[in-house]
Amino acid sequence: MTHTRRSFLTHAAAGGIITVLPFAARAEHHMADSFADGAVTIHPVHHASFVMQTPAGVIYVDPVGDAADYADLPAADLILVTHEHGDHYNADTLAALKGTAPLIVNPAVRDMLPESLKDGAMAMANGDSHTWGGVTIDAIPAHNTTEDRMNFHPTGRDNGYVLSIDGFRTYISGDTEPTPEMLALTDIDLCFLCMNLPFTMTAEQAAEAVATFKPAYVYPYHYRGRDDGTQDPAHFAELVGGASEVRFAPWYKDGELG
């Protein structure tokens, strides 16, 4: 079945449950959100790490942390890594979770992979496209645009990704501020959008981006910052208004946000 934006529905988690049930309760009960008539299921893990169950297979995105955090989830069929920072890339975690799953990474991460992980690893640079098991994967530039943040994510190094599966399009921002390529995206059904300072962008920047490329659904994620730079996902949702439906997830444990 081909899923379009007009037929894009959610089933496994109703909007009221998602927005009312406390994050800790959702995490404890391993609750997930399903989209596209149940064809795509999202399992948030932590900060920028999550797992997607799709008709094409199980996709792990930026898996880091203790491998035990993934023990109750299905094994990976594909692993995507956006860039080299420790909250997105950890070689030990990859080694524990990889099995026979191929890795798709940005070139900088490909260069630093241990030899045991390089076999079957593919580097995608900004602008590259690749097809895996019926999934079209586009590498979207991910970088800072504010002058005093450029040292965190320089132009040309890191990736975001757009995954197209049976017409269902998911944008994963990685670490970035709004870029021309992000703002030019079209027909995005599901979006994971980072926001934290000093590393990426403010909730205001993220909301302005959503108003421009209008994903049907958006998860604020990666919002823990440094030096009072943590962004409030509820404030982001207020700013987004009716431009997109904001979904919340238990990205952090109690006390992690200060």
Side-chain donor-acceptor distances from residues 103-118 under 3.5 Å, at least two apart:
from, atom 1, to, atom 2, distance (Å)
Asn106, ND2, Arg157, O, 2.9
Arg110, NE, Ala121, O, 3.2

Report the residues that fulfil side chain to side chain contact (heavy atoms under 4.5 Å, CB included) with Thr212, sequence neighbours left out, ordered by chain and then residue number.
-> Leu183
Going hydrophobic residue to hydrophobic residue with side-chain gaps under 4.5 angstrom, can you get from Leu97 over to Trp132?
-> no
Will you find, in the side chains of Ser129 and Asp138, an N or O donor that is under 3.5 Å from an N or O acceptor?
-> yes
Excluding sequence neighbours, so at least two apart, what forms ring-ring contact (aromatic ring centres under 6.0 Å, His included) with Tyr60?
-> Tyr70
Common cluster, Ile137/Val40, ILVMFWY with side-chain heavy-atom separation under 4.5 Å | yes
Do the side-chain N and O atoms of Asn144 and Glu177 include a donor-acceptor pair separated by under 3.5 angstrom?
-> yes
Centroid-to-centroid, Tyr223 to Tyr252, below 6.0 Å?
-> yes
The reported gap from OG in Ser173 to CG in Leu185 (rounded to nearest 0.5 angstrom) is 10.5 Å
Which atom of Phe213 lies closest to which atom of Cys191, heavy atoms considered = CZ-SG, 3.9 Å
Do side-chain atoms of Thr202 reach the backbone of Gln205 as a donor and acceptor pair under 3.5 angstrom?
-> yes
For His83, ring-ring contact (aromatic ring centres under 6.0 Å, His included) partners two or more places apart | His85, His88, His153
Any chance the side chains of Asp87 and His222 put a donor and an acceptor closer than 3.5 Å?
-> yes
Just how far is it from atom CZ of Arg224 to atom OG1 of Thr230, taken to the nearest 0.5 Å?
-> 8.0 Å
Can you find a heavy atom in the side chain of Pro178 that is under 4.5 Å from one in the side chain of Glu208?
-> no
Could Arg247 and Glu245 be called an ion pair, given the rule that one side-chain N must be under 4.0 Å from one carboxylate O?
-> yes
Connected via hydrophobic side-chain network under 4.5 Å: Val246 and Met201 | yes
Aromatic ring proximity Phe50/Phe192, centre distance under 6.0 Å = yes
Minimum heavy-atom distance between Met195 and Pro220, given as atom pair plus value = CE-CB, 3.7 Å
Just grab all the side-chain hydrogen bond (donor to acceptor under 3.5 Å, both in side chains) pairs involving residues 89-99, residues at least two apart or on different chains.
-> Asn90-Thr93
Show every donor-acceptor pair shorter than 3.5 Å between a side-chain atom in residues 233-244 and any protein atom, with sequence neighbours excluded, or say none if there are none.
from, atom 1, to, atom 2, distance (Å)
His235, NE2, Glu204, OE2, 3.0
Ser244, OG, Pro215, O, 2.7
Ser244, OG, Ala216, O, 3.3

